[in-house]
Amino acid sequence: MTNITIRNLDSDVKTRLRVRAAEHHRSMEEEVRIILRDALNDEQTAPRDLAQFTRECFAPLGGVELELPPRGSMREPPDFS
């Protein structure tokens with residue numbers, strides 16, 4: 001195990017951390033360890049599907065219907081000769 005020191009921590013943040021630790025019946029030090037561990041574990045989860053994320057965001061609003069422009073024929077590719 002190793003130690004770290006956190007300097008210039010806002011007094012409001014320290015107070016909120018102390019209260020949170022007390023609510024969980026832990027020391028401030030243990031609370032910080034758990035917060036850091038959880039934050040880093042969340043980063044290791046698989047990347048989210050953008051389409052699924054968008055659906056989750058708009059579902060509470062009833063979804064969104066987009067008007068798609070009419071599709072035309074494909075243009076000719078450029079001639080690089």
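FYI, side chains are in, hydrogens and waters are out, and symmetry mates aren't considered; it's all heavy atoms of this structure.
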Hey, is D10 close enough to K14 for a salt bridge, meaning N to O under 4.0 Å?
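No, D10 and K14 are not salt-bridged.
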Identify whether the distance between the nearest side-chain nitrogen and carboxylate oxygen of E23 and R20 falls below 4.0 Å.
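No.
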Quick one: are R33 and E30 in side-chain contact, heavy atoms under 4.5 Å?
yes
Any chance you could measure I4, atom CD1, to T2, atom OG1, to the nearest 0.5 Å?
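Atom-to-atom, I4:CD1 and T2:OG1 are 8.5 Å apart.
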Measuring from T54:OG1 to D49:CG, what's the distance to the nearest 0.5 Å?
8.5 Å
I'd like to know whether CZ of R26 has more than 12 heavy-atom contacts from other residues, nucleotides or ligands below 6.0 angstrom.
yes
Would you indicate whether E29, at its atom CD, is surrounded by more than 12 heavy atoms from other residues, nucleotides or ligands within a distance under 6.0 Å?
no
Hphob cluster co-occupancy, L17 + L36, side-chain heavy atoms under 4.5 angstrom
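Same cluster.
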Are M28 and I35 connected in the hydrophobic side-chain network, where two residues link if heavy atoms are under 4.5 Å apart?
yes
Might you point out which heavy atoms bring L9 and V13 nearest each other, and give the distance in Å?
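Between these two residues, the closest heavy atoms are CD1-CG1, 3.6 Å.
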Minimal non-hydrogen separation, A21 against S27, with atom names:
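Taking every non-hydrogen atom into account, CB-O, 3.7 Å.
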